[in-house]
Amino acid sequence: MERRELSPRGKRAPRPGQLSDSPAGLSATPAPGLAVEVKVPTEPLSAPVGKTAELTCSYSTSVGDNFALEWSFVQPGRPISSSQPILYFTNGQLYPTGSKAERASLLQNPPTGGVATLKLTDVHPSDTGTYLCHVNNPPDFYTNGLGLINLTVLVPPNSPSCSQSGQTSVGGSAALRCSSSEGAPRPVYNWIRLGSSPTPPPGSMVQDEVSGRLILTNLSLVSSGTYRCVATNQMGSASCELTLSVTDPSKGRVAGAVIGVLLGVLFLPVAVFCLIRFQKDRRKKPKETHRGSDLRVKIRSPWVRG
């Protein structure tokens with residue numbers, strides 16, 4: 001006959017896994033499983049556009065029949081919950097999926113040796129984002145089993161667009177702008193002036209390397225010339241050029257006055273000549289005289305026949 005020990009109050013002690021009679025022990029506590037620990041690089045990774053990226057994920061757990069591993073991707077600025085699967089391994093089989101399926105694979109297949117490195121070929125700019133390595137191995141539920149890797153696809157800047165605005169006259173201000181639609185990391189911009197023209201006064205040129213804007217103040221005629229903007233990142237550089245022409249309104253007014261004076265000087269001799277000619281013609285013209293004796297009127301009497 002089985003002999004069981006009694007508790008201090010005479011009650012039998014519960015068997016392993018049996019519910020306790022006390023209100024505080026209403027549920028059984030199962031034996032804890034092994035912890036799943038996932039390790040990934042702590043620093044962000046990068047890869048040039050068109051090349052291959054390798055993202056390493058190592059884990060420690062007791063691989064069994066329930067072992068499953070998944071790689072997924074989330075775009076920058078999106079929550080982790082919106083991640084999209086890239087590939088997953090379960091029941092001894094590897095299943096690539098999603099838009100990256102043809103370019104995604106594992107260097108270790110099957111990934112049951114503690115390492116699951118994701119290989120992504122021909123990376124695109126749209127591959128920039130966060131990659132999730134998730135290991136699930138019931139009953140090892142007691143840690144997150146998740147590792148995050150940030151990947152940036154490096155893209156050289158394309159040819160920037162140059163533009164200008166403002167009042168390009170002496171004493172005015174102008175803004176030169178430069179921007180590339182592509183480039184990762186984001187390019188910085190530098191404006192330089194070409195040629196051997198005199199250097200503008202200090203403080204009259206202020207540029208912002210981030211926005212690509214160059215501000216020119218207190219313009220003068222020496223501000224005219226060709227300006228080049230160079231967009232640069234670690235993958236390369238590209239440039240565009242712009243010609244700035246500064247005008248002087250006062251010179252236009254002076255030129256107008258000079259032209260008016262010249263026209264006046266040319267017109268004056270012509271006017272004098274015409275006046276003299278008119279006076280001469282007037283003197284040469286004969287005067288008409290009428291004498292009283294020359295005016296004879298022949299009157300016939302109506303009663304006298306011719």
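Along the sequence shown, residues are numbered consecutively beginning with 1.
Tracing side-chain contacts under 4.5 Å through hydrophobic residues (I, L, V, M, F, W, Y), one never reaches Leu214 starting from Val230; they form parts of separate clusters.
To the nearest 0.5 Å, atoms CG (Leu219) and OG (Ser173) are separated by 6.0 Å. From Glu241, atom CD reaches atom CD1 of Ile192 across 8.5 Å, with rounding to the nearest 0.5 Å.
Considering every non-hydrogen atom in both Leu154 and Gln234, the closest pair reads CD1-NE2, 3.4 Å. Here the closest non-hydrogen pair linking Thr168 and Ala174 is CG2-CB, 4.2 Å.
The closest side-chain heavy-atom distance from Thr97 to Tyr95 is not below 4.5 Å. Trp71 places a side-chain heavy atom less than 4.5 Å from the side chain of Tyr131. In this structure the side chain of Ser72 never reaches within 4.5 angstrom of the side chain of Gln84, judged on heavy atoms. Using a 4.5 Å cut-off on side-chain heavy atoms (C-beta onward), Tyr189 and Glu209 make no contact. Under the 4.5 Å side-chain criterion, counting only non-hydrogen atoms from C-beta, Leu146 is in contact with Leu132. Using a 4.5 Å heavy-atom cutoff, the side chains of Arg186 and Asn233 are not in contact. A 4.5 Å side-chain heavy-atom check between Leu106 and Leu87 finds at least one atom pair inside the cut-off.
Annotation: salt bridge (Lys or Arg N to Asp or Glu O under 4.0 Å) contacts of Glu43 (sequence neighbours excluded): none. Applying the salt bridge (Lys or Arg N to Asp or Glu O under 4.0 Å) criterion to Arg103, with sequence neighbours excluded, gives Asp127. Ser169 pairs by the side-chain hydrogen bond (donor to acceptor under 3.5 Å, both in side chains) definition with Gln167, not counting sequence neighbours. Pro79 is linked by a side chain to side chain contact (heavy atoms under 4.5 Å, CB included) to Ser81, Ser82, counting only residues two or more places apart in sequence or in another chain. For the ring-ring contact (aromatic ring centres under 6.0 Å, His included) test, residues two or more places apart in sequence or in another chain that qualify with Tyr59 are Phe67.
Remark: side-chain polar atoms of Asn158 are paired, donor with acceptor, to backbone N or O of Glu182 under 3.5 angstrom. Remark: the backbone N or O of Asp122 is paired with a side-chain donor or acceptor of His124 at under 3.5 angstrom.
For the side-chain contact (heavy atoms from CB on, under 4.5 Å) criterion with Val246, the lone passing option out of Val170, Leu216, Val222 is Val170.
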Please step through side chain to side chain donor-acceptor pair (under 3.5 Å) for the pair Asn218 and Ser204, ending with a clear verdict. CA-CA 6 Å; Asn218 193 22; Ser204 63; over 6 Å; no
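Relative orientation of the Trp191 and Tyr227 rings is perpendicular, given thresholds of 30° and 60° on the angle between their planes.
For Glu54 and Lys119, the salt-bridge test fails: no basic side-chain N is under 4.0 Å from an acidic carboxylate O.
For residues 208-238, the pairs satisfying disulfide (SG to SG under 2.5 Å) are Cys178-Cys229, with sequence neighbours left out.
With 3.5 Å as the limit, one finds a donor-acceptor pair spanning the side chains of Arg177 and Ser165.
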